[in-house]
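Taking it in order: structure first as structure tokens, then the write-up.
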Amino acid sequence: MTCQTHRPAIGDDVRRALEIDRSSSAWERTVDITTTGRRSGRARRIETWFYRADGRLYLSGLPGRRDWAANLQAHPAFTLHVKHGARADLCATARPVSDAQERRRILSAFVEDMNQPHNPARIAQPTRLEDWMADSPLFEVLLDD
């Protein structure tokens, strides 16, 4: 199944699954993505987290190099696989967020979320905004109609 041949309608259950907030668990934040390998051209599926800020969906991660980010940079079309609270394979396009002010606004929301006392990310706290600004991938997820 590819996004070019199958475009399911987004149901209410999928919308609810994508409406995570500060109270959402790690499990609720987890999705799979299938990207196209930047060199191989092969489909690559991995498990990752998605984030929300200002009502929009994003893919990011702890600071460091990520193969999935390089793949999205080279081939922005991908599949978002919703798997908790609903099941769906959604066609999407990744928009790199490179503007410094936009990155700071969005990543500030992520870092604030990750530094909550209940530690939804289960990462070493505190996580620092400047680390994320310097070396974290950031893509807005644009769901295809």
Side-chain angles (χ1 to χ4, degrees), residues 1-115 119-124 127-145:
M1 175 180 58
T2 64
C3 284
Q4 292 76 27
T5 61
H6 182 70
R7 294 177 187 243
I10 298 176
D12 289 340
D13 60 336
V14 174
R15 285 187 212 292
R16 281 190 299 274
L18 294 175
E19 290 176 354
I20 61 167
D21 61 23
R22 291 176 51 85
S23 67
S24 298
S25 68
W27 180 82
E28 293 167 312
R29 299 164 188 258
T30 304
V31 295
D32 287 353
I33 60 171
T34 299
T35 63
T36 301
R38 68 189 174 284
R39 291 186 299 227
S40 71
R42 293 185 191 144
R44 301 285 187 208
R45 185 169 176 157
I46 62 145
E47 184 175 78
T48 190
W49 272 22
F50 74 99
Y51 300 81
R52 284 187 75 85
D54 300 330
R56 296 174 186 228
L57 301 177
Y58 294 92
L59 295 174
S60 189
L62 293 172
R65 185 183 174 290
R66 301 285 182 269
D67 288 341
W68 62 262
N71 292 347
L72 290 176
Q73 194 72 42
H75 305 283
F78 73 102
T79 303
L80 178 74
H81 306 279
V82 179
K83 58 186 192 175
H84 299 300
R87 294 222 181 263
D89 300 319
L90 305 175
C91 300
T93 303
R95 180 187 69 86
V97 179
S98 55
D99 176 77
Q101 285 184 300
E102 185 180 14
R103 284 180 59 83
R104 181 169 295 281
R105 180 178 50 77
I106 294 163
L107 292 173
S108 291
F110 298 173
V111 168
E112 182 181 326
D113 190 15
M114 298 302 103
N115 282 331
N119 195 359
R122 300 185 195 129
I123 59 174
T127 187
R128 295 173 357 105
L129 175 60
E130 293 312 315
D131 294 338
W132 284 64
M133 284 293 295
D135 202 25
S136 288
L138 182 58
F139 294 87
E140 182 179 3
V141 174
L142 304 170
L143 298 176
D144 297 351
D145 293 329

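- Residues passing the side chain to side chain donor-acceptor pair (under 3.5 Å) test with Arg65 are Asp67, sequence neighbours excluded.
- A distance of 9.0 Å separates CD1 in Ile46 from OG1 in Thr34, rounded to the nearest 0.5 Å.
- Scanning both residues, Gly85 and Ala17, for their nearest heavy atoms gives C-CB, 4.3 Å.
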Intermediate values then yes/no, ring pair (Phe, Tyr, Trp, His ring centres under 6.0 Å), Phe110 and Tyr51: CA-CA 7 Å; Phe110 298 173; Tyr51 300 81; 4.4 Å; yes
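- Contact check for Leu57 versus Arg52: side-chain heavy atoms found under the 4.5 Å cut-off.
- At distances below 3.5 Å, at least one donor-acceptor pair connects side-chain atoms of Glu28 with backbone N or O atoms of Ser25.
- For the atom pair Arg66 CZ and Gln73 CD, the distance stands at 15.0 Å (nearest 0.5 Å).
- Residues His81 and Arg87 have side chains not in contact (no heavy-atom distance under 4.5 Å, counting atoms from C-beta outward).
- In plain terms, the two heavy atoms of Trp68 and Thr35 that are nearest each other are O-CG2, 4.3 Å.
- Within 6.0 Å of CZ on Arg56 lie no more than 12 heavy atoms contributed by other residues, nucleotides or ligands.
- Minimum interatomic distance between Arg103 and Trp132 (heavy atoms only, all atoms of both residues): NH2-O, 3.4 Å.
- Closest heavy-atom contact between Thr48 and Ser60: OG1-O, 4.3 Å.
- Rounding to the nearest 0.5 Å gives a distance of 5.0 Å between CD1 of Ile20 and CZ of Arg29.
- Although no hydrogens or angles enter the test, the distance criterion places no donor-acceptor pair under 3.5 Å between the side chain of Arg95 and the main chain of Val141.
- Taking 4.0 Å as the cut-off between side-chain N and carboxylate O, Arg104 and Glu130 count as a salt-bridged pair.
- Of the candidates Leu80, Asn71, Thr79, Ile33 forms a side chain to side chain contact (heavy atoms under 4.5 Å, CB included) with just one, namely Leu80.
- Rounded to the nearest 0.5 angstrom, Ser136 OG and Leu59 CG are separated by 12.5 Å.
- Between Val31 and Lys83, the shortest heavy-atom contact is C-CE, 4.1 Å.
- Donor-acceptor pairing under 3.5 Å is recorded for the side chains of Asp144 and Thr93.
- Heavy atoms only, all atoms of each residue included: His84 and Thr30 are closest at CD2-O, 3.3 Å.
- The CE atom of Met133 lies 12.0 Å from the CG atom of Asp135; values are rounded to the nearest 0.5 Å.
- The CG atom of Leu72 sits 9.0 Å away from atom OG1 of Thr36, with the distance rounded to the nearest 0.5 Å.
- No salt bridge links Arg16 with Asp13; every basic N to acidic carboxylate O contact stays at or beyond 4.0 Å.
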